[in-house]
There are 2 protein chains.
Amino acid sequence: MSARSRTAKGAGRRDAGLPAILRSNEALASVFAALGDPTRLKLVAVLCAGGAFSIAQLTANTEISRQGVTKHLQVLADAGVVRGVKLGRERLWQLEPGQIEEAKRTLEVIGRQWEVALGKLKAFAESP
Amino acid sequence: MSARSRTAKGAGRRDAGLPAILRSNEALASVFAALGDPTRLKLVAVLCAGGAFSIAQLTANTEISRQGVTKHLQVLADAGVVRGVKLGRERLWQLEPGQIEEAKRTLEVIGRQWEVALGKLKAFAESP
DNA sequence: CTTTTTAGCAACCGTATGGTTGCATGTCGG
DNA sequence: CCGACATGCAACCATACGGTTGCTAAAAAG
């Protein structure tokens with residue numbers, strides 16, 4: 001806390017003017033983090049093709065053990081990206097597209113903000 | 001390697017029919033991983049509002065030290081989300097929206113795939 | 001030239017993460 | 001009831017990650 005709060009002359013509360021989506025980012029970051037692993041991304045890719053798959057089925061696509069896949073699915077489930085329903089002696093996992101939609105919207109907002117900023121910069125540069 | 005490849009009776013090459021975007025996911029996962037931290041997400045949110053900021057300026061928005069922010073910026077730069085240009089004695093960081101666009105497209109593909117799968121399921125359920 | 005500002009580098013620390021193995025549990029088919 | 005199958009749980013391990021501190025280097029200010 002010593003190196004902070006004395007530097008950066010006048011840059012306080014720079015997030016005040018940001019869109020609401022980009023302010024409280026707790027759960028959102030967990031969604032991105034859940035997608036931020038090749039194995040999990042592949043799991044999502046498989047699941048988004050539809051249907052519900054058991055752990056054993058999903059394990060067949062990866063190079064790691066069944067327990068490893070279970071852990072990854074748990075991470076995805078904690079982020080709300082995926083949901084597992086128990087059916088008999090097996091648990092079937094399926095995509096839960098809500099959080100992914102939210103993440104997509106966030107990236108859209110970022111891109112849009114960026115373009116708006118570019119437009120303003122251009123307008124300023126072209127002003128007489 | 002023992003628990004694998006014997007289970008899951010007939011589920012080999014399930015990614016064969018997936019869109020190309022969802023197959024080789026190395027760099028893509030690193031982009032999601034870079035966004036998967038609240039501090040970094042906030043940095044991106046600040047940077048997407050336009051302009052180039054120094055480390056000291058960016059540090060003023062966070063609760064962590066300057067070195068911590070530097071590390072986070074390095075992670076973002078390694079993923080290609082952000083770029084830093086050295087100007088005099090300071091380094092100014094700005095957004096590099098290419099990778100974020102790519103990530104957004106990936107999420108769009110996932111969502112589209114999911115809807116297609118839902119449509120097929122519905123069509124099957126309604127077939128006489 | 002000396003001081004200040006801004007940043008980079010390196011070592012260190014605690015905890016989370018990805019992965020494994022071994023065993024226990026529930027459930028389906030006879 | 002019994003065996004086989006699919007999963008759950010817990011312990012364990014190595015490494016990556018988030019964060020810090022201390023020191024050094026380079027540019028700007030005086």
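In this text, all values refer to a predicted model and were calculated from it rather than measured experimentally.
Along DNA chain C, the nucleotide nearest A/Gly88 and the nucleotide nearest A/Ala33 are compared for position; the residue whose nucleotide lies closer to the 5' end is A/Ala33. For the pair A/Arg40 and B/Lys86, nearest-nucleotide mapping onto DNA chain C gives the more 5' position to B/Lys86.
Among the nucleotides D/dT7, D/dT20, C/dA7, the one closest to any side-chain atom of B/Gln67 is D/dT20. Taking the side chain of B/Arg89 as heavy atoms from C-beta on, and the options D/dA28, C/dA7, C/dT20, the nearest nucleotide is D/dA28.
Using a 4.0 Å cutoff on non-hydrogen atoms, the parts of residues 68-85 of chain A near DNA chain C are A/Gly68, A/Lys71, A/His72, ordered by number.
Taking every heavy atom of both residues into account, A/Ile55 and A/Trp93 meet most closely at CG1-NE1, 3.4 Å. B/Cys48 and A/Ala117 make their closest contact through O-CB, 4.3 Å (heavy atoms, listed as atom of the first residue, atom of the second, distance).
If you measure from atom CG of B/Leu92 to atom C1' of C/dT6, you get 11 Å, rounded to the nearest angstrom. Nucleotide D/dC17 holds its C1' atom 12 Å from the CD1 atom of B/Ile64, rounded to whole Å. We find that CG of A/Asp37 is positioned 10 Å from C1' of C/dT17, with the value rounded to whole Å. Between the CG atom of A/Leu87 and the C1' atom of C/dC28 there is a distance of 12 Å, rounded to whole Å. Whole-Å rounding puts the B/Lys42 NZ to D/dG18 P distance at 17 Å. In this structure, CG of A/Leu43 is placed 11 Å from P of C/dG19, rounded to the nearest angstrom.
Residues A/His72 and A/Ile64 meet the side-chain proximity criterion, which asks for heavy atoms closer than 4.5 Å. Contact check for B/Lys42 versus B/Thr62: no side-chain heavy atoms found under the 4.5 Å cut-off. Counting heavy atoms from C-beta on, the side chains of B/Leu28 and B/Glu102 come closer than 4.5 Å.
With hydrogens and angles ignored, no donor-acceptor pair under 3.5 angstrom links the side chain of A/Arg91 to the base of D/dT7. Not a single donor-acceptor contact under 3.5 angstrom links the side-chain atoms of B/Arg66 to the base of D/dG19.
The salt bridge (Lys or Arg N to Asp or Glu O under 4.0 Å) test applied to A/Lys104 returns A/Glu101, not counting sequence neighbours. Take B/Gln74 and apply the side-chain hydrogen bond (donor to acceptor under 3.5 Å, both in side chains) test, not counting sequence neighbours, and it matches B/Asp78.
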Let me have the donor-acceptor pairs involving side chains of residues 29-38 of chain B, under 3.5 Å, with sequence neighbours excluded, atom names and distances please.
unit_1  : atom_1 : unit_2  : atom_2 : d
B/Ser30 : OG     : B/Ala27 : O      : 2.6
B/Asp37 : OD1    : B/Thr39 : N      : 2.9
B/Asp37 : OD1    : B/Arg40 : N      : 3.2

Report all side-chain donor-acceptor pairs from residues 79-92 of chain B shorter than 3.5 Å, counting only partners two or more places apart or in another chain.
unit_1  : atom_1 : unit_2  : atom_2 : d
B/Arg83 : NE     : B/Glu96 : OE1    : 2.8

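B/Ser65 has no side-chain polar atom (N or O) that falls below the 4.0 Å cut-off from OP1 or OP2 of D/dG19. Distances shown here put a side-chain N or O of A/Ser54 below 4.0 Å from the OP1 or OP2 atom of D/dT7.
With the end axes of the helix from C/dC1-D/dG30 to C/dG30-D/dC1 each set by five pairs, the angle from one to the other reads 30° at 10° resolution.
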